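Some notes on the structure that comes next.
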Amino acid sequence: MSVDEELAVIDNFFAAKNKKAYKIKRAAMQKMARKYKDALLSLDDPILRKLRGTIRESLDLKKRCIEIKNFFWKNIPDNVNSYRVPSVLLLGETGCGKSLLSSIAANVIMPDKELTKINISSYNKESIDLMLFGAEKGSYTDSDRDRMGVFIGHCGEVVFLDEIGDMDIETQTHLLTYMDNGQVMPRGMTSTVCSPCILIAATNKDVNNDSTFRKDILNRFEHVIKIPPIRERKQDMRLLISMLLQNDKLNPLITDIQHKVQRISLDAIKYLEDREYSGNFRELKFRISQAVNSAFLEGNSCLCLRHFLLANV
C-alpha cells in the first residue's frame, strides 16, 4: 500500500457517522484526520531516517552504544548529547483502532521495518523498565547477558507503547527524561547514550483526570489525538466492512485475486450497521471474521445475515 493509500485509510477511518450532526461531525473528523497526517509528517525525521539506515544490528550493548554515539558525532556534532524524541499520543476507548493507526504510521514512516509494540499492562514495573532502557550483564541478580533495551535496540525506528496509562510512576519519570533529550542509561552503565526513537503511545484511560499519570508526560507529547468510538462513525460502516473483507488475514485468498468471501448481502450490512459496538473496531473485526468462517464452511462466497446469526455474533 502506498503512502497516499495509507493516508486515505486515515481519512476514511475518521469519517463522520451521526446523520443528525453530519456536517458538524464530518468537519470535526476531517480536521482530526488532517491532524494525524500532519503528525506523521513531523514524526518522519530525516536524521532518524538516516540513523536507522546506518546503525547495524548488534547483540553487544556497549558496541551498539559506541556506534550510535559515533553516528551523532559525525552527523550532528552540536546535538550529540541531546535530540528530541518525536512523539504522538493516541487516546480512545478499547478497540477503537489505536493499534491500527500506529501500524499505519509505521508503514508510512518505515515501510521496510516491523513496528515494535510493547503492551505496558503486560509487564510489571521491573520488567518494563529493563525492557525499555536495557541493562548491562551482571548489573542485577540473574543477569547473565546484556539487555539491549527497546530504545537502544530500535533507535531511529517507530516504537509503539500501548496502554501507557498503566505505566508506574517511577518508569514514567524515566520516560519523561528520555522524551526530553533522547538520553538512555542502561542499568549498570555509567554514561548515557542519545538514542531517540519515534514514539507512539496509546491509552484508553482519561489521562487528563487520572491522578496516577504524570501531567508533565502528557505535555511532552508533540501531538495528542483522540480517536472517536465507532458508534459516532456509523456513516462510515460500509467503508470499514469493505476494508476488513479485503484483509487477507481476516478473509484469506483462495486464488491470486479471489477471497473466500467476495460479497456481502444488504441485510447483513444492515445487521452490522444497527449494532452499538461497545468493543469498537475490534468487535466489528471479530464479528466479520467469525461470519467469514461460517460462510466458508458452508461453501458460500456471499456473506449473509445467517452467517452472523449462526456464529452467534
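Just so it is clear, the model here is predicted, and its values are computed rather than measured.
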Next item on the list: Going by the side chain to side chain contact (heavy atoms under 4.5 Å, CB included) test, name the single residue among Val184, Thr173, Leu132 that passes it with Tyr178.
Entry: Val184
Next item on the list: With the side chain counted from C-beta on, respond yes when Phe221 and Met179 share a heavy-atom pair under 4.5 Å apart, and no when they do not.
Entry: yes
Check: Taking the inter-plane angle between the rings of His174 and Phe133 on a 0 to 90° scale, is it parallel (under 30°), tilted (30 to 60°) or perpendicular (over 60°)?
Finding: perpendicular
Check: Under the criterion side chain to side chain contact (heavy atoms under 4.5 Å, CB included), which of Ile76, Asp180, Thr192, Asn181 is the partner of Ser82?
Finding: Asn181
Note to self: I need the minimum non-hydrogen distance between Thr94 and Asn280, along with the two atoms involved.
What the structure shows: O-ND2, 3.0 Å
Checklist line | Criterion side chain to side chain contact (heavy atoms under 4.5 Å, CB included) against Leu303, the qualifying member of Ile241, Ile264, Leu272 | finding: Ile264
Margin query: For a quick test of reading the model, state the closest non-hydrogen atom pair linking Ile200 to Ala105 and the distance between them.
Written below: CD1-CB, 3.5 Å
Notebook entry, point to check: What is the minimum heavy-atom distance between Ile269 and Arg238, and which atoms define it?
Noted result: CG2-NE, 3.6 Å
Check: Between Ser42 and Arg84, which heavy-atom pair has the shortest distance, and what is it?
Finding: O-NH2, 3.2 Å
Check: Just wondering, more than 12 heavy atoms not from Lys63 lying within 6.0 Å of its NZ?
Finding: no
Checklist line | Closest approach of Leu244 to Phe281 (non-hydrogen atoms, all atoms of both residues) | finding: CD2-CZ, 3.7 Å
Margin query: Apply side-chain contact (heavy atoms from CB on, under 4.5 Å) to residues Asp129 and Glu170 and explain how you reach the verdict.
Written below: CA-CA 9 Å; Asp129 198 73; Glu170 187 175 340; 5.9 Å; no
Notebook entry, point to check: Side-chain donor-acceptor pair under 3.5 Å between His259 and Asp248, yes or no?
Noted result: yes
Checklist line | Verdict with reasoning, Glu136 to Lys62, per salt bridge (charged side-chain N to carboxylate O under 4.0 Å, His left out) | finding: CA-CA 8 Å; Glu136 192 175 22; Lys62 286 185 176 178; 3.1 Å; yes
